[in-house]
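Before I ask anything, let me first share the structure, which is written out below as structure tokens.
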Amino acid sequence: LTNLFIFPFFFCRNLFTRKPNARLEKPNDVGWKLFGKVPVRENSQKDPKNVQKEYEEKTGRAHRPLSPKQNVRKNLDFEPLSTTALILEDRPANLPAKPAEEAQKHRQQYEEMVVQAKKRELKEAQKRKKQLEERCKLEDSIGNAVLTWNNEILPNWETMCCSRRVRELWWQGIPPSVRGRVWSLAIGNELNITHELYEICLARAKEKWRSLSTGGAEVECEDAGFSAADREASLELIKLDISRTFPNLCIFQQGGPYHDMLHSILGAYTCYRPDVGYVQGMSFIAAVLILNLDTADAFIAFSNLLNKPCQMAFFRVDHGLMLTYFAAFEVFFEENLPKLFAHFKKNNLTPDIYLIDWIFTLYSKSLPLDLACRVWDVFCRDGEEFLFRTALGILKLFEDILTKMDFIHIAQFLTKLPEDLPSEEFFTSIAAIQMQSRNKKWAQVLAALQKDNREMEKGSPSLKR
């Protein structure tokens, strides 16, 4: 019985315990163990000097100790770290060493990579430095201009606004902090609109919106001659157009900080000028004004701006007057850019295809916003003439490209201009346009064409070209 108890115990002990004389792994076994510990090697803790010596004996290269300057990377020079270990470091001891030719080739390739990388880094650093210097210079210029406008020009607006010095500052661009005030003064308030009138028009617009939303009776007001369907269509168009106004900014859309302001100005204007109502493109003009003025002041500037002859002709869709503007534009187009003018004529590309969108939105939809604001600056100074001069400047800037395009590609290109337009080149191109044809300025040419149109209606054209 005792033996019966001893035997199983002995059996289990021999089976599951490690024998002191168990077989040891040979230290020189070659290969990888997939599941288990890698065998400990006798020479696994070699002295780095011995490893280096063995490597030198194999490659035949003598080791030269690095100087402190070589050992420490000065100024953290750029090195592609992902390749350093593969090229500069020696292979592990368990792998065969590189042949001397291959090691030399890899080192040369690595050094070439580093040289190219450093060149790129240097070029980018110089570019960033130049951009920073230009930005600092621009900020200093804007700061000085702000002081000049605030301390010298605005307090003496009536006497200084037409001086040569102020006109030059105007061309360079009005500082954003004073832009709204300058625009308000330049546009003027011939309609004598007050803040109280804006509040009255806004209240009427809100009453309309409530009435239309509840399906109530028509609101009795000055625009009683216009049907409820027309008013509702106009209000729906405002809602749709606001969502498409500067969509990249995300500030005029539903929930944005300027959505209600834009909606209020456009709604108030439909009550102020029911004969004009809302026309697609107005939202861009109102939006630019909102970015630079308070709501009531933006409404005053907006209403007076749309009351200018050119804007009123386009927003009231006066076809005869619009054609007169297009004809005047073509006179200066042919004078300044005869080659491109002939190319457009050959492709039957008429000015209305590209000018309507530019004039309706005052370039705020077609140009980058900062560039469009600079166009507005000079437009407030020079009036409608500058809108058409800007159009010719755009055509001149891209003349070489446009002369190689057909009708469809020209129309597409002019509808969506490049977003990276350099401002200085753009205004240099505009400055090169001469708004004088046969000793006649823009206003004289336009007046002559209008007279011709009136006499043509009477059957006796008299304009001699």
Side-chain angles (χ1 to χ4, degrees), residues 18 22-141 248 368 370 397-398 400-401 404 417-426 428:
R18 188 180 186 127
R23 176 181 174 274
L24 295 175
E25 297 288 347
K26 292 182 181 180
N28 295 325
D29 284 348
V30 179
W32 295 91
K33 253 189 173 182
L34 296 179
F35 304 99
K37 295 181 179 179
V38 179
V40 180
R41 300 189 180 188
E42 292 177 355
N43 59 349
S44 60
Q45 300 296 329
K46 284 187 176 181
D47 186 4
K49 294 182 179 179
N50 295 334
V51 174
Q52 180 67 26
K53 188 175 181 181
E54 291 177 6
Y55 174 74
E56 290 170 4
E57 291 174 355
K58 291 179 182 179
T59 59
R61 291 189 299 177
H63 173 68
R64 289 180 295 178
L66 294 173
S67 65
K69 290 185 178 181
Q70 292 173 322
N71 196 28
V72 180
R73 289 189 298 170
K74 293 180 64 177
N75 299 326
L76 296 176
D77 288 340
F78 174 79
E79 291 185 8
L81 297 179
S82 60
T83 60
T84 303
L86 295 176
I87 297 172
L88 291 184
E89 301 296 334
D90 297 325
R91 286 181 176 174
N94 61 329
L95 295 176
K98 292 181 184 178
E101 295 82 4
E102 184 181 358
Q104 182 65 22
K105 179 183 177 183
H106 287 174
R107 179 169 288 278
Q108 289 176 352
Q109 290 175 342
Y110 170 76
E111 289 173 354
E112 290 173 2
M113 289 167 54
V114 171
V115 169
Q116 293 299 323
K118 285 183 177 180
K119 284 183 180 179
R120 287 194 300 270
E121 285 270 317
L122 182 61
K123 189 175 181 180
E124 291 175 2
Q126 291 174 342
K127 184 179 179 181
R128 289 193 297 269
K129 183 180 178 182
K130 184 178 179 181
Q131 290 175 343
L132 182 61
E133 289 175 351
E134 290 177 352
R135 189 183 307 164
C136 292
K137 185 178 179 181
L138 179 62
E139 289 175 357
D140 291 340
S141 175
N248 295 334
D370 58 338
L397 185 62
F398 298 108
D400 294 338
I401 299 173
K404 299 175 184 176
L417 296 170
E419 295 183 359
D420 56 346
L421 274 175
S423 59
E424 295 308 318
E425 290 183 24
F426 179 67
T428 300

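Please read all numbers here as calculations on a predicted model, not as lab measurements.
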Got a sec, which residues hit side-chain contact (heavy atoms from CB on, under 4.5 Å) with Lys137, two or more places apart in sequence or on another chain?
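Not a single residue meets the side-chain contact (heavy atoms from CB on, under 4.5 Å) criterion with Lys137.
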Salt bridge (Lys or Arg N to Asp or Glu O under 4.0 Å) with Glu419: which residues, sequence neighbours excluded?
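Glu419: salt bridge (Lys or Arg N to Asp or Glu O under 4.0 Å) contacts with Lys416.
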Can you list the residues that meet the side-chain contact (heavy atoms from CB on, under 4.5 Å) rule with Thr428, with sequence neighbours excluded?
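side-chain contact (heavy atoms from CB on, under 4.5 Å) list for Thr428, sorted by chain: empty.
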Who are the ring pair (Phe, Tyr, Trp, His ring centres under 6.0 Å) partners of Phe398, not counting sequence neighbours?
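Checked Phe398 against ring pair (Phe, Tyr, Trp, His ring centres under 6.0 Å); matches are Phe413.
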Kindly compute the distance separating NZ (Lys127) from NZ (Lys130), expressed to the nearest 0.5 Å.
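One gets 10.0 Å once the value is rounded to the nearest 0.5 Å.
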Report yes if the side chains of Arg128 and Leu132 come closer than 4.5 Å at any heavy-atom pair, otherwise no.
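No, every pair of side-chain atoms sits at 4.5 Å or beyond.
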Atom CD of Glu121 and atom CD of Glu124: how far apart are they, to the nearest 0.5 Å?
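Those atoms lie 6.0 Å apart.
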Can you list everything that forms a salt bridge (Lys or Arg N to Asp or Glu O under 4.0 Å) with Glu133? Sequence neighbours excluded, please.
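Residues passing salt bridge (Lys or Arg N to Asp or Glu O under 4.0 Å) with Glu133: none at all.
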Can you sort out the partners of Glu102 under salt bridge (Lys or Arg N to Asp or Glu O under 4.0 Å), two or more places apart, ordered by chain and number?
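Scan of Glu102 (salt bridge (Lys or Arg N to Asp or Glu O under 4.0 Å), adjacent residues dropped) gives Arg91.
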Under the side-chain contact (heavy atoms from CB on, under 4.5 Å) test, which residues partner Glu111, sequence neighbours left out?
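With sequence neighbours excluded, Glu111 shows a side-chain contact (heavy atoms from CB on, under 4.5 Å) to Arg107, given in chain and number order.
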